[in-house]
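These notes are about the structure you will find just below.
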2 protein chains.
Amino acid sequence: MAHDPRTVPSATISRLVTYLRIVTQLEQGGVRTTSSEYLAKEAQVSAFQIRKDLAYFGRFGTRGEGYTVPTLRREIERILGLTRQWRVAIVGVGRIGEALANYPNFRDYHFELKGLFDLDPAKVGRLVAGLEIKHLSELNRLVLEQGIDIGFITVPPKAAQDAADALVQAGIKGILNFAPTVIEVPREVHVEPVDFLAGLKRLSFYIINPQLKEELA
Amino acid sequence: MAHDPRTVPSATISRLVTYLRIVTQLEQGGVRTTSSEYLAKEAQVSAFQIRKDLAYFGRFGTRGEGYTVPTLRREIERILGLTRQWRVAIVGVGRIGEALANYPNFRDYHFELKGLFDLDPAKVGRLVAGLEIKHLSELNRLVLEQGIDIGFITVPPKAAQDAADALVQAGIKGILNFAPTVIEVPREVHVEPVDFLAGLKRLSFYIINPQLKEELA
DNA sequence: ATATGTGAATTGATTCACAGCG
DNA sequence: CGCTGTGAATCAATTCACATAT
């Protein structure tokens, strides 16, 4: 069982997501056991790192043997909170919002799209990915009714803070922010930025400074 | 002028991108000077952090005064390599690839879309964002002809490594990888992952572990 | 007087080496 | 004997305090 640790590097959480992807693939391929060595190669980190990352949460392997793939997969899912389904709403049904709503891997086992919201009256009522777009004024009600936990912000940068405020007001617990701007939220709401323009600008820096290698979180 | 430092934390580069966005907004609003204090508040970091981040690259402020907005904007752009235009190709014109091609902020000052590639014969020849989709077999030629520097990978996860190989083979210098998988490239090619599914799973973890606050790189 | 720039101190993360178990 | 699990050592990043410049 677990430690329930007081502190975990956020880079560890990012890596756990990668490890989960790798063991899930192994499991689908019918592989029964694996090792920190193998996972390290696939995730492009050191084997030490893998063992240390897992050690924050407990002991999941067998000494001399390695890890049992289905067990490790299940344990990492439990650590990441992927034993339950998360219900998601998208605020801003432009091209990005619509592409995300239709993204086939999105209806992952763990995430379910439950609402689409926009301010534009021309969009409200339209059907996207089998859901009717609602006006943002209905957010509070539908978050409550549908038990929505997570909101995507896919509005233009200037509208991002308003979208965040609306989501917070509606009682959402986490936000995936696709807008290229820092948003302010209360301490208890978590925000993950997904900012490809920022990624591009980091790329630009590392291309002109090839001697500086980034270690990716 | 600059230090040209041997080592810079990658978190510093991410923060510089944020600072750039903030000073650009200030400049557009006609503000002439600012301070580490103000930038800190906007970027949600400490003022120490801002001054230290900038100090890796030189001295850009005036003691007792603060920073001159247009100067700081220009200097951060120079640091990030945004004094030149970067030419971009998109590999994989599915929903995400198409949404990116049409994203209005994409034709930023510094990035220019120069090629769209796919393997699907049904897509080749179609016009998207004013560009004709080419077959991936034409990548080498067009990267050379168009002077393309950066590739986006927006193909399904299983095709991502092949897309990466094709881009590397064509002589690309940097990759923005939207596929949820770790790709292998030679040391001299830089990869930035843009993985919203990973972001969602990190969110899941931080929602069920609210006592653990992430400090965002 | 005021806000930057920076060495020193502290805190945090990664690497290592090997103890612990199967 | 092999591979995990983990305290200790190293390395890196952030915070601090204040000297410095205007």
Side-chain angles (χ1 to χ4, degrees), chain A residues 1-3 5-16 18-19 23 26 31-69 71-72 75-76 79 211-217, chain B residues 1-3 5-16 18-19 23 26 31-69 71-72 75-76 79 211-217:
Chain A
M1 243 275 105
H3 294 186
R6 238 158 271 284
T7 162
V8 183
S10 64
T12 290
I13 306 310
S14 293
R15 287 189 298 260
L16 283 175
T18 303
Y19 307 159
V23 290
L26 285 177
V31 179
R32 288 295 300 169
T33 71
T34 189
S35 64
S36 59
E37 203 65 55
Y38 176 86
L39 296 173
K41 192 170 65 59
E42 290 295 305
Q44 297 181 19
V45 302
S46 70
F48 305 127
Q49 187 72 81
I50 301 230
R51 299 204 296 273
K52 179 64 89 186
D53 285 339
L54 294 172
Y56 283 106
F57 300 98
R59 278 171 276 162
F60 309 112
T62 312
R63 296 177 197 220
E65 298 284 317
Y67 301 94
T68 305
V69 167
T71 307
L72 187 57
E75 290 292 342
I76 299 178
I79 293 165
Q211 78 285 8
L212 296 172
K213 266 313 245 186
E214 182 179 16
E215 101 292 337
L216 297 170
Chain B
M1 248 276 103
H3 295 184
R6 237 158 273 283
T7 163
V8 184
S10 63
T12 290
I13 306 310
S14 293
R15 286 190 297 261
L16 284 174
T18 303
Y19 307 158
V23 290
L26 284 177
V31 178
R32 287 295 301 170
T33 70
T34 188
S35 64
S36 58
E37 204 65 54
Y38 176 83
L39 297 173
K41 191 171 64 58
E42 290 295 306
Q44 296 180 19
V45 301
S46 70
F48 305 128
Q49 187 73 81
I50 301 230
R51 299 204 296 273
K52 178 64 87 183
D53 285 338
L54 293 172
Y56 283 107
F57 300 98
R59 277 171 277 163
F60 309 112
T62 312
R63 297 179 196 217
E65 299 283 317
Y67 301 94
T68 306
V69 167
T71 307
L72 187 57
E75 290 291 341
I76 298 177
I79 293 165
Q211 78 285 7
L212 297 172
K213 266 314 248 184
E214 181 180 15
E215 100 293 331
L216 296 171

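Every chain is numbered from 1, with letters handed out A, B, ... down the list of sequences. What you see below is based on every heavy atom in this structure, not just the backbone, and it leaves out hydrogens, waters and symmetry mates.
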Taking [atom1] from [X] and [atom2] from [N], how many angstroms apart are they, rounded to a whole number?
X        : N      : atom1 : atom2 : answer
B/Tyr56  : C/dG7  : OH    : P     : 12 Å
B/Glu214 : D/dT14 : CD    : C1'   : 17 Å
A/Arg6   : C/dG12 : CZ    : C1'   : 17 Å
A/Lys41  : D/dC3  : NZ    : P     : 15 Å
B/Tyr19  : C/dT4  : OH    : P     : 13 Å
A/Lys213 : C/dT14 : NZ    : P     : 18 Å
B/Arg59  : D/dA21 : CZ    : P     : 9 Å
B/Leu54  : C/dT4  : CG    : P     : 10 Å

### Message
Suppose we call a contact any N or O donor and acceptor under 3.5 Å apart; does that hold for the side chain of A/Arg63 and the base of C/dG20?
### Response
yes
### Task
Compare every heavy atom of A/Phe57 with every heavy atom of A/Leu16, then report the nearest pair and how far apart it is.
CD1-CE1, 3.5 Å
### Query
Where along residues 45-53 of chain B does a heavy atom fall under 4.0 Å from DNA chain C?
B/Arg51, B/Lys52
### Query
Any side-chain N or O of A/Tyr67 less than 4.0 Å from the OP1 or OP2 oxygen of D/dG5?
yes
### C/dT4 OP1/OP2 closer than 4.0 Å to side-chain N/O of B/Ser36
yes
### Task
Evaluate the side-chain contact (heavy atoms from CB on, under 4.5 Å) criterion for residues A/Leu54 and A/Leu72: first the C-alpha distance (whole Å), next the side-chain angles of each, then the deciding distance (0.1 Å), finally the verdict.
CA-CA 10 Å; A/Leu54 294 172; A/Leu72 187 57; 4.2 Å; yes
For residues 40-47 of chain B, run the donor-acceptor check on the side chains, cut-off 3.5 Å, and write out each pair with its distance to 0.1 Å, sequence neighbours left out.
residue: B/Gln44; atom: NE2; partner: A/Ile183; partner atom: O; Å: 3.1
residue: B/Ser46; atom: OG; partner: B/Gln49; partner atom: N; Å: 3.1

### Message
Less than 4.5 Å apart, side chain to side chain, heavy atoms only: is that true for B/Tyr19 and B/Ile50?
### Response
yes
### Task
Before giving the answer on side-chain contact (heavy atoms from CB on, under 4.5 Å), spell out for A/Thr12 and A/Tyr56 the whole-Å C-alpha distance, their side-chain angles and the decisive distance to 0.1 Å.
CA-CA 9 Å; A/Thr12 290; A/Tyr56 283 106; 3.8 Å; yes
### Evaluation steps, side-chain contact (heavy atoms from CB on, under 4.5 Å), between B/Arg15 and B/Asp53
CA-CA 8 Å; B/Arg15 286 190 297 261; B/Asp53 285 338; 2.7 Å; yes
### Query
Quick check: does any side chain N or O of B/Ser35 sit under 3.5 Å from a backbone N or O of B/Tyr38, one acting as donor and the other as acceptor?
yes
